[in-house]
Amino acid sequence: MPEGYLVGKVLSVEDGKLKVCSIDIGGESPITVVTNASNIAERTVGKLVCVATVGSEVDGVKVTRRAVGGTTSEGMLCDSPMLGWSG
């Protein structure tokens, strides 16, 4: 896995057009990630996800802490194609 990418456990999901997720990536406290991914929902709680953390790069773009829909997002959830996986 590329540098700055971690496996995290989804602790909670606030469902809506934008999903606000609490993710445990092994730090002192969980991080908040805001996403519009259609496969993220309440049923995702307890599942493991790949998280690109602040400072890492996804498709040549640096991940930064930023406000998304009024909530600060501290990373980005990654799907298989973002990781270069196919099949």
Side-chain angles (χ1 to χ4, degrees):
M1 208 175 306
E3 188 175 336
Y5 288 56
L6 299 172
V7 174
K9 184 175 183 179
V10 179
L11 302 177
S12 67
V13 176
E14 291 178 32
D15 209 359
K17 182 176 179 182
L18 292 174
K19 286 90 171 184
V20 179
C21 307
S22 178
I23 314 269
D24 179 357
I25 59 170
E28 277 187 36
S29 57
I31 64 169
T32 299
V33 176
V34 180
T35 183
N36 68 350
S38 60
N39 62 332
I40 300 296
E42 189 62 36
R43 70 180 182 277
T44 312
V45 172
K47 305 284 185 184
L48 299 178
V49 293
C50 181
V51 181
T53 59
V54 171
S56 62
E57 287 191 12
V58 175
D59 295 329
V61 177
K62 193 169 205 167
V63 175
T64 60
R65 182 176 286 107
R66 66 176 63 190
V68 179
T71 300
T72 300
S73 186
E74 303 170 287
M76 179 181 218
L77 299 182
C78 300
D79 61 11
S80 299
M82 289 174 151
L83 299 170
W85 301 345
S86 62

Pairing residues for S22 by the side-chain contact (heavy atoms from CB on, under 4.5 Å) criterion, not counting sequence neighbours: L11, S12, P30

Would a single hydrophobic cluster contain both V49 and V33, if residues Ile, Leu, Val, Met, Phe, Trp and Tyr are joined by side-chain heavy-atom contacts under 4.5 Å? yes

Would you compute the distance between atom CG of D24 and atom CG of L6 and round it to the nearest 0.5 angstrom? 10.5 Å

Side-chain heavy-atom pair L77, V51 within 4.5 angstrom cut-off: yes

If only atom types and distance count, is the side chain of K19 paired as donor or acceptor with the main-chain N or O of A41 below 3.5 Å? no

For residues I23 and I40: do they belong to one hydrophobic cluster (side chain heavy atoms under 4.5 Å, members Ile, Leu, Val, Met, Phe, Trp, Tyr)? yes

Of all the heavy-atom pairs spanning M76 and V58, show the shortest one and how long it is. SD-CG2, 3.8 Å

For V61, the hydrophobic cluster (side chain heavy atoms closer than 4.5 Å, chained through members) also holds none

Any sub-3.5 Å donor-acceptor pair from E74's side-chain atoms to T32's backbone N or O? yes

Looking only at heavy atoms, which two atoms of G8 and I25 are closest? And how far apart? CA-CG2, 4.1 Å

Would you say the side chain of N39 lies within less than 4.5 Å of the side chain of T44, judging by non-hydrogen atoms? no

Taking S73 as the fixed residue, which of V54, I31, V68 is the one that meets the side chain to side chain contact (heavy atoms under 4.5 Å, CB included) rule? V68

With rounding to the nearest 0.5 angstrom, report the SG to CG distance, C21 to D15. 9.0 Å

